[in-house]
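Below you'll find the structure, written out as structure tokens, and then a few comments.
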There are 2 protein chains.
Amino acid sequence: MSDRPPTLHDVARHAGVSTATVSRVLNGGPVRPGTARLVRDVVKRLGYVPNQVARGLVTGRSMVVGVLVPDLVGPLNAAIARGVEDVLEAHGMHAVIVTDHRDVVREAKRIETLVARRVDGLVLIGSELDDPTLTDVTATTPVVHVGAERAPSDERFPEVRIDNQAGIEKALARLAELGHRRIAHLAGPRRDGRERHDAIRQLAPRYELALAHVVDTDFSEEAGRDAGATLLRHRDFTAVLCANDRSAAGFYQAARDEGLNLPDDLTVVGFDDLPWSAYLDPPLTTLRQPGRDMGRLAAERLLHPEASDAWRGVRTLVPNLVARESMAPPPT
Amino acid sequence: MSDRPPTLHDVARHAGVSTATVSRVLNGGPVRPGTARLVRDVVKRLGYVPNQVARGLVTGRSMVVGVLVPDLVGPLNAAIARGVEDVLEAHGMHAVIVTDHRDVVREAKRIETLVARRVDGLVLIGSELDDPTLTDVTATTPVVHVGAERAPSDERFPEVRIDNQAGIEKALARLAELGHRRIAHLAGPRRDGRERHDAIRQLAPRYELALAHVVDTDFSEEAGRDAGATLLRHRDFTAVLCANDRSAAGFYQAARDEGLNLPDDLTVVGFDDLPWSAYLDPPLTTLRQPGRDMGRLAAERLLHPEASDAWRGVRTLVPNLVARESMAPPPT
DNA sequence: CTGTTAGCGCATTCAT
DNA sequence: ATGAATGCGCTAACAG
């Protein structure tokens, strides 16, 4: 039952050839068709599977790239990881996903073990490490960021990220078009939260929109509800931009508690477009993050640093405004 | 920049000792404090990180267990994975997560590459492989299932799974208690879907509940909405049990389209308790799956097959009924 | 306590 | 087209 798995050597012995020959039929070296068939038979019969550890040791490549994700809840990270897998698979490589649960120390540790395992590359989602630490810990392993927490300045670390400003502008433009004049914002934490907040502050005037109130959240439903309750003590705004869909869901609840009728009394806009956002009541208008595309881009960049359509530094993607029923003209 | 990472040998040379000594200070062998300090200094100065691939080749252990998950969307899988990580981390091991996107062929391939990488164990979530195939592909690697798609009969494959029947019974009991008499079911696919459906059919009479209608879904929000629309052509039931929370969210939309008022007109119960289920309108009553606990149990079983509290075959966990506002007495 | 030796399983020269 | 030999980086006896 628990006998040692068959090795290259076993196969060679059973087939009456040398290990070199077996290695060749496995990797496509020059070998006579007859012997090849014979060897393949033995391989199948023994259920031989090449030991990737040993192979990796000699080739220096592991054919796997590590994907570090803050956490697995949240379909956005899942989508990004999926995008990475798409292109890896097309190259015969594999993605292993590792979580760090948003903890800088743990993140560094995780990266270290990934590097120690000699992954061929690293996709870091929402990394919180600064460039020096990262340089230190990644050694010679190539890295690509997706939505890094601290803007990388080091040329070694290219980044794919969402263009929060462009997204916010789309939303603001539409709100203005509908006739809104005063808005509120459920702000979020971290870089995305700040960028969205800054964008609103900066761009609102351009659309003759006044930013009446801002309340902080931590991106969670609960925080959204609490912030909503706070916000709704005032009623001098007709639309609220939420930093993400989860907080928007929480805000919905606060609005219901206040007896508000969405969207007639108030317009709500989210950010992300999660799978269930269309099933809220009313269906949520939101800015869709193209997670899968972001993952694809990152992986391409990792695998082909010198591609024709190469880019350096940061590569930015613009979210789409998905208009649903939570958005309406302001009450008259 | 891209020079070869330092090896044990490099460290030994720089420190003027043998590789064996370096290996000892790294792994805690007997070594004079002075030399140890010296070596540690060199290690730090060179930024040496042990090559786990080489280490794994000689020790035969990789200190990582593979977690195969159908997909990453869906917080439940995330919770399970998290539970696995909990106990692995406590043992100085690591979890790598690999997805198969619900494809039997891909699943087998993924497992094969994991085994080829000599992971020390495998946690298979919602696996669709049958025992023979699995035996074939896992060779000597220990495996634990979480919610396998096909009930494993082989002693080699222990399983942790949710007790769907017990969960359904809790819901039925509560519905009966509230005075409901006729219910409907949004059925789901796969084993969980079937078990829940069977449980309802089998247990409903015991609570004097008539199962008026059953409509199939694929667990998605969209299917829930469509099934809801179909279901609501009849109005001879006062409560609907949804196979999962996502389809319940879809059902909500169908109910709104029909102008129904939840829960006054109709009681809705889900299954899973996803993070946003409490933020639906009305907050969804549902059966909570203890994902993290399931993951923990599975990992413990993997690491300590002979523990005192050992179990064989299947180990079952009972979901809790989380009562929220979507449940009420039937309209009078 | 420390150095030497011998593989772990495989890919890759270099011969033949 | 094939075999023998070498080494990837490390740990584990075995001596000293």
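Letters A, B, ... mirror the listed sequences (proteins, then strands); counts begin at 1. Values below: every heavy atom of this structure, side chains too, minus hydrogens, waters and symmetry copies.
Protein atom CZ of A:Arg13 is 12 Å distant from nucleotide atom P of C:dG9, rounded to whole Å. Here the C1' atom of nucleotide C:dT4 and the CG atom of B:Leu8 are 15 Å apart, to the nearest Å.
Each of A:Val22 and B:Thr35 was assigned the nucleotide of DNA chain C with the nearest heavy atom; the assignment lying further toward the 5' end belongs to B:Thr35. The nearest heavy atom of DNA chain C to B:Ala54 and to B:Arg32 marks one nucleotide each, and the one closer to the 5' end goes with B:Arg32.
Of the listed nucleotides (C:dT2, C:dG9, D:dG3), C:dT2 has the atom at the smallest distance from the side chain of B:Thr21. When distances are taken from the side chain of A:Ser23 to each of D:dA4, C:dT12, D:dA1, the shortest belongs to C:dT12. Distances from the side chain of A:Thr59 to the nucleotides C:dT2, D:dC8, C:dA11 place C:dA11 closest. Nearest to the side-chain atoms of A:Val31 among the listed nucleotides D:dT2, C:dG9, D:dG9 stands D:dT2.
Closest approach of B:Arg117 and A:Ser62 over heavy atoms only: NH2-O, 2.7 Å.
Electrostatic pairing of B:Arg296 and B:Glu300 does not count as a salt bridge here, judged by no charged N lying under 4.0 Å from a carboxylate O.
For A:Arg24 against D:dG3, a side-chain-to-base donor-acceptor contact under 3.5 Å is present.
In this structure, B:Arg55 reaches the D:dT11 phosphate: one of its side-chain N or O atoms is under 4.0 Å from OP1 or OP2. The shortest distance between the side-chain N/O atoms of A:Asn51 and the OP1/OP2 oxygens of C:dC8 is not below 4.0 Å.
With a 4.5 Å cut-off on side-chain heavy atoms, B:Val64 and B:Asp120 do not count as touching.
If you check every strand for non-hydrogen atoms under 4.0 Å, A:Val17 touches sugar and phosphate atoms only.
Using cut-offs of 30° and 60° on the angle between ring planes, the pair A:Phe157 and A:His145 is perpendicular.
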